[in-house]
Every structure is written in structure tokens, then in C-alpha cells.
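Being a predicted model, the structure only gives us computed values, none of them experimental.
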Amino acid sequence: MKKLWQALMLVRRCDPWSFRRKAIYVLLQSVLPLVNLYILKLLVDTVEAGVRGVGEPQAVIPYLVAMVLVFLMNRIVSALNNVNNDVLGQRLIDNLSDIMQRQAARLDMSYYDNPEFHDSLHRAQQEASYRPIQIMDNFMALFGAVVSVAGVVAMLAAASWWVIGIMVIAVLPSFAVRLYKARRIYRFRRDNTQLYRQTAYYSALLTARDYAKEMRAFNLTAFFRQRFVGSRSRLVQQLLRISRRFGVLDVLCGVIEAVAMLAVVWLLVTRTFAAAITIGSFVMLFEAFRRGQGYLTSLVAAIAALYDNRLFVGNLFDFLDFRPQILSPADPEPMPERIESVEFRDITFRYPDMDRDVLSHYSLSARVGEVTRIEGENGYGKSTLVKLLLRLYDPQGGEVLVNGIDIRRFDLAELRSKVGVLFQDFVRFNLTAAENIGFSHTEGAPLSARQAVADTFIERLPKGYDNMLGRVFDGGAELSMGQWQRVAIARMLHTDAPVMVLDEPMAWMDMPTREMFLKTVEQIRHDKIIIMITHA
């Protein structure tokens with residue numbers, strides 16, 4: 001119940017007023033049908049009296065007016081509830097998106113090296129947008145069903161407690177089947193998370209732009225279509241086996257409920273023939289029993305759905321329970337105003353779940369005014385140094401020092417603001433050229449582009465620095481990898497950070513561009529620490 005309550009409070013915090021209105025609408029929608037049922041009983045009794053010659057036709061008018069008013073009120077409440085649901089649903093989606101994005105952003109990079117984390121993230125992403133709102137709907141449905149069942153029980157008590165007992169007993173098998181089904185489906189989806197992720201991955205390979213060139217160049221469509229179809233077939237076959245089994249059980253539950261209805265109708269008929277109840281009462285009680293079965297079914301469905309959603313919403317809270325290990329100290333030391341040196345001292349590091357060290361007792365020192373070059377073969381650990389300097393990971397042994405101070409003593413955000421980085425696998429953002437360089441701080445983007453030798457092709461674009469890059473959105477211009485790399489270098493230079501790390505900065509440059517770029521490096525190196533990583 002704890003996680004269910006957490007999910008319900010999560011929905012409530014999104015929009016407290018919409019949450020309260022939802023409760024009021026559900027209460028009204030539960031009570032109005034019972035009022036209408038009682039009006040129907042009075043109407044039938046009045047008609048019966050008229051048939052016997054002891055009443056006038058005009059006597060039914062108040063009841064007809066009351067029925068129309070109840071009908072209209074029910075429709076109005078239903079419309080208001082639908083609008084309220086849309087508002088609350090959108091607020092929940094926005095709030096959950098914010099929570100999950102913040103959680104993902106604060107977690108250590110090491111989590112992304114863990115398949116179990118990706119399983120948890122996948123389950124949370126698949127269900128976070130709708131499970132909490134379903135839990136709220138389940139709670140409200142449970143509340144409404146309880147109110148409706150209470151009203152029905154009060155009506156049926158006038159006929160016989162046996163009717164109430166039969167109605168309750170008839171729905172118990174369905175209740176047990178629904179709980180068992182919820183548990184079975186949950187286990188199936190959790191056990192097959194990797195298969196679901198593989199299916200999504202194959203689908204992305206077949207549809208996403210990033211993979212389109214190689215899919216066509218190597219004629220891979222049939223290969224990955226086979227993989228996708230195979231994964232989907234395994235999932236579908238297992239789901240269909242579960243569905244068929246529970247379909248049979250649902251039919252058996254329906255038979256039990258039909259027998260119960262037959263018994264109750266016979267009981268009411270015999271009491272009517274014995275003049276123990278009026279025809280109006282017969283109609284009311286028959287409808288009360290019929291609706292009571294529906295309300296009990298709704299009650300059972302709400303409880304089963306709560307059980308189901310309790311299992312699945314746990315995936316969301318499991319993801320939110322992850323805690324970063326790389327944190328700012330409680331009392332961080334301020335970063336030096338002028339950074340004179342960066343040192344990797346006796347560093348030993350291996351990635352999570354790897355069986356060998358990427359770096360073993362490695363040391364390196366870089367000073368202001370110098371271009372420190374790191375050369376090595378693939379897998380040498382060169383790019384890992386960038387991640388350690390940014391504290392995306394912490395080494396298992398040794399220290400990373402700035403001006404002789406261990407970087408673990410600095411605030412994370414402040415440390416990272418002092419380091420400008422060109423990653424080897426830089427990101428190509430589908431934003432304007434200016435936003436690719438400066439994001440929300442685009443002033444000075446042309447200067448940074450000029451330093452990175454990117455101004456020549458950016459200024460030739462139809463809208464210049466306001467032109468969208470990439471072909472994902474309208475008006476976007478595609479760039480070559482060499483041009484994209486220069487945009488990424490401009491992004492790094494735009495930070496004007498005192499420490500700049502360039503991982504394979506000239507991998508995509510032609511010779512004239514290299515010479516111009518090296519001149520830029522020479523111009524800016526005098527007051528900066530520059531670490532340049534290249535292949536041996």
C-alpha cells in the first residue's frame with residue numbers, strides 16, 4: 001500500500017484542485033444512478049396505481065421531470081470529469097517527465113554501464129506516463145463503487161439478505177482470477193524486459209535516421225526484420241497462452257454470475273406474485289441487483305487494477321530509488337581563481353563489471369600555457385582521462401588534482417564549468433547553429449565559430465547562425481562529419497573554460513583546416529591548460 005499511496009500523492013501534487021474536483025465528480029456519478037433508480041420505482045408504482053384507476057396521468061409528471069434533471073446532471077458531471085481528467089493527465093505527464101529527467105541527469109555514468117539499470121529505466125519509461133493516473137482512477141473507481149454498492153445493499157436489504165449474499169459470493173471467483181492474472185502478467189513483463197528492449201532496439205535500427213545509411217549499404221533490413229519478428233513472436237506467443245488460459249476462467253466466472261442472477265430474479269418474482277413487494281419495488285430491486293453486480297464487478301476490477309498497478313508502479317519508484325555515488329562534498333572547497341595545473345597522480349581505474357584495469361598507476365601533469373599531448377592506441381584509456389577529470393567516474397586508486405587539490409573536494413557543477421571538452425563521440429544537436437554552440441547563451445557564437453574554423457560554412461547557410469542543423473526538423477541543413485566536429489569545437493571554445501580537453505579534435509579535418517585550427521590553439525594556450533588526445 002505504501003507505493004500505491006506514494007503514487008496517489010504524486011498525482012495529487014501535480015494539481016491539488018483538479019484532484020479534489022475529481023473526487024467530487026466521482027461521488028456524484030456514483031449517487032445519481034441510485035437516485036434515478038428510486039425515481040424509477042416511484043414512477044412505476046404511480047403508473048400501476050393509474051392502471052388500477054386510483055391515480056391521474058398528471059401524477060407522473062414530477063417523476064419524469066426529476067428523471068430528466070438527473071439525466072442532464074449526470075451528463076454535465078461526466079463532461080466536467082472528462083475535461084478534468086485531461087487537465088490532470090497532462091499535468092501528471094509533465095511532472096513525471098521532469099522527475100525522471102532530473103533523476104537520470106543526476107545519476108553517475110556508471111549506471112549507464114549496467115544492463116539492470118537499463119532494464120529499470122525501460123520499465124519506468126514505459127509505465128511512468130500512465131500508471132500513477134491509473135492508480136488515481138482506480139482509487140476513485142473504488143471509492144465510487146463502494147458508495148454505489150452501499151446504496152444497492154440498502155435497497156436490497158428490504159427484499160432479502162439472501163440476495164445480497166448471492167450477489168457478493170457470485171463475484172468472488174472473478175476477483176480471485178483478476179488478482180492472479182495481474183500477478184502473472186507482471187511477472188511475464190518483468191522477466192522479459194530484456195526481450196522488450198531488444199525489440200525496441202531492432203525497431204529503432206529499422207526506422208531511425210542514424211542507422212539508415214548502413215542498413216541500406218549492407219542490406220541489413222531483412223536481417224534485423226527477422227530479429228524483430230522473432231523477438232515479437234516469442235513475446236506474443238507467451239502472451240496469447242496467458243490470455244487464452246484466463247479467457248477460459250473468465251467464461252467460468254460468467255457462468256457463476258449468470259446462475260446467481262437467475263436465482264435472484266426467481267426470488268423477486270415469487271415475492272412479487274405473493275404481493276410481498278409492489279411491481280415498482282420489483283423493477284427497482286431487479287435493477288438494483290443487476291447494477292449491484294456491475295458495481296461489484298467494478299469494485300473487484302478496481303481492487304485488481306490497484307494490485308496490478310502496485311506491482312508496475314514499483315518499477316517507477318525502483319528507478320527513482322537509484323542514488324548517485326559521485327556527489328559534491330557537504331562543504332565544498334571553492335575552485336581556485338586561476339588554475340595553474342591539472343595532475344593525474346597514480347591513477348588506477350576500471351569500468352564497472354570489467355575484468356581488467358583501463359588505467360593502472362597512470363600519472364600525467366599538465367600546466368597552464370602548455371599544450372599537453374596524450375598519444376596512444378585504441379583502448380589505451382585516453383578518453384577515460386576526460387571522464388575522470390569531469391568526475392563522471394571516480395578512480396579506484398590515485399587522485400585527480402587541480403592546483404594540487406583533489407577534485408573530490410570541489411562542487412561538481414563548479415568543477416565541470418571550469419573544463420571545456422570536445423568528446424570523441426561529440427553530440428550533433430538538432431538545434432540552430434548558434435544554439436549548437438552556445439545553447440541559451442548564443443552571444444559570441446560567431447567568434448567561437450571563427451576560432452573553430454566553422455564560420456565559413458555556417459555563414460553560407462540560408463539563415464546563417466539561425467539555421468537549423470540536422471535533417472530531423474523542417475529547414476535543417478545536414479553537415480559533413482568534419483563540419484559537425486568544428487561546431488563541437490566551437491561549443492567547447494565558447495565555454496572559455498580555463499581547462500580545455502580535446503579528444504581527437506582533428507580526426508575529421510582536412511589539412512588546411514588543421515593548420516588554421518592549430519593556430520587557434522596556439523593563440524589561446526597562453527592562459528589555459530590544453531590537453532590534446534590523439535591516436536599514436
Side-chain angles (χ1 to χ4, degrees), residues 105-113 324-329 332-352 354 357-427 485 488-489 491-507 521 524-525 527-535:
R106 77 192 189 100
L107 293 176
D108 307 332
M109 287 294 296
S110 58
Y111 279 109
Y112 290 88
D113 300 322
Q325 302 302 311
I326 296 177
L327 300 167
S328 299
E333 188 168 329
M335 289 287 294
E337 291 186 9
R338 178 175 169 81
I339 297 179
E340 299 284 350
S341 66
V342 169
E343 181 183 357
F344 297 89
R345 183 182 294 173
D346 197 31
I347 295 294
T348 295
F349 176 77
R350 70 171 60 186
Y351 288 101
M354 285 189 64
D357 293 335
V358 177
L359 296 168
S360 181
H361 302 288
Y362 180 87
S363 295
L364 172 77
S365 182
R367 300 192 63 80
V368 70
E370 301 174 352
V371 178
T372 303
R373 299 180 184 275
I374 304 174
E375 295 183 354
E377 300 174 355
N378 288 333
Y380 181 70
K382 306 182 300 298
S383 300
T384 300
L385 294 173
V386 184
K387 300 171 186 176
L388 295 177
L389 178 58
L390 289 168
R391 281 203 74 200
L392 301 179
Y393 298 88
D394 279 338
Q396 284 83 24
E399 299 172 301
V400 182
L401 308 169
V402 169
N403 287 8
I405 304 169
D406 192 323
I407 61 172
R408 285 173 285 200
R409 292 162 62 181
F410 300 133
D411 177 79
L412 271 175
E414 190 178 6
L415 168 69
R416 291 168 181 170
S417 71
K418 301 296 183 183
V419 182
V421 183
L422 169 70
F423 289 105
Q424 187 175 3
D425 53 347
F426 53 85
V427 177
Q485 186 177 48
I489 292 171
R491 183 158 62 237
M492 179 203 68
L493 294 171
H494 193 73
T495 65
D496 197 29
V499 180
M500 290 192 172
V501 185
L502 299 90
D503 193 351
E504 294 293 339
M506 296 178 288
V521 173
I524 66 172
R525 74 174 176 83
D527 61 344
K528 297 184 185 299
I529 295 173
I530 298 179
I531 300 174
M532 191 176 297
I533 299 171
T534 58
H535 283 308

> Side chains of Pro336 and Phe410, heavy atoms from C-beta outward: is any pair under 4.5 Å?
yes
> Are the side chain of Thr495 and the backbone N or O of Met492 linked by a donor-acceptor pair below 3.5 Å?
yes
> Minimum heavy-atom separation for Ser417 to Ala497, with atom names?
O-CB, 4.0 Å
> Please list all pairs passing the salt bridge (charged side-chain N to carboxylate O under 4.0 Å, His left out) test where one or both residues lie in residues 492-501, with sequence neighbours left out.
Asp496-Lys528
> Working note: Glu343 + Leu364, criterion side chain to side chain contact (heavy atoms under 4.5 Å, CB included); need CA distance, chi angles, decisive distance, verdict.
CA-CA 6 Å; Glu343 181 183 357; Leu364 172 77; over 6 Å; no
> Counting only heavy atoms not in Arg106, do more than 12 fall under 6.0 Å of its CZ?
yes
> Quick one: list whatever passes side chain to side chain contact (heavy atoms under 4.5 Å, CB included) with Glu370, sequence neighbours left out.
Arg367, Thr372
> Side-chain donor-acceptor pair under 3.5 Å between Ser383 and Asp503, yes or no?
yes
> Is there side-chain contact between Leu493 and Ile524, with heavy atoms separated by less than 4.5 Å?
yes
> Say you draw a straight line from CG of Leu422 to CE of Met500; how long is it, rounded to the nearest 0.5 Å?
11.0 Å
> Could you tabulate the donor-acceptor pairs under 3.5 Å formed by side-chain atoms of residues 389-408, not counting sequence neighbours?
| residue | atom | partner | partner atom | Å |
| --- | --- | --- | --- | --- |
| Arg391 | NE | Asp394 | OD1 | 3.0 |
| Arg391 | NH1 | Leu327 | O | 3.1 |
| Arg391 | NH2 | Asp394 | OD2 | 2.7 |
| Tyr393 | OH | Asp113 | OD2 | 2.6 |
| Gln396 | OE1 | Arg350 | N | 2.8 |
| Gln396 | NE2 | Arg350 | O | 3.1 |
| Asn403 | OD1 | Glu340 | N | 2.6 |
| Asn403 | OD1 | Ser341 | N | 3.1 |
| Asn403 | ND2 | Arg338 | O | 2.9 |
| Asp406 | OD1 | Arg408 | N | 2.9 |
| Asp406 | OD1 | Arg408 | NE | 3.2 |
| Asp406 | OD2 | Arg408 | NE | 3.3 |
| Asp406 | OD2 | Arg408 | NH2 | 3.0 |
| Arg408 | NH2 | Gly398 | O | 3.4 |

> Walk me through it: do Ile529 and Val501 pass the test side chain to side chain contact (heavy atoms under 4.5 Å, CB included)?
CA-CA 8 Å; Ile529 295 173; Val501 185; over 6 Å; no
> What residue pairs, at least two apart or across chains, pass salt bridge (charged side-chain N to carboxylate O under 4.0 Å, His left out) with a residue in residues 409-419?
Glu333-Arg409
> List the residues meeting side chain to side chain contact (heavy atoms under 4.5 Å, CB included) with Thr384, not counting sequence neighbours, and say none if there are none.
Phe349, Tyr351, Val358, Leu359, Leu388
> How long is the span from the CE atom in Met532 to the NZ atom in Lys382, to the nearest 0.5 Å?
14.5 Å
> With sequence neighbours excluded, what pairs up with Ser363 under the side chain to side chain contact (heavy atoms under 4.5 Å, CB included) test?
Asp346
> Given 3.5 Å as the limit, does a donor-acceptor pair link the side chain of Thr348 with the main chain of His361, or not?
yes
> For residues Tyr111 and Gln325, determine if any side-chain heavy atom of one lies less than 4.5 Å from a side-chain heavy atom of the other.
yes
> Counting C-beta onward and ignoring hydrogens, is there a side-chain heavy-atom pair between Val371 and Ile531 closer than 4.5 Å?
no
> Passes side chain to side chain contact (heavy atoms under 4.5 Å, CB included), Leu502 versus Met506? Steps please.
CA-CA 9 Å; Leu502 299 90; Met506 296 178 288; over 6 Å; no
> Within the distance-only criterion (no hydrogens, no angle test), does the side chain of Gln485 pair as donor or acceptor with the backbone N or O of Phe426 below 3.5 angstrom?
no
> Side chains of Met335 and Leu415: closer than 4.5 Å at any heavy-atom pair?
yes
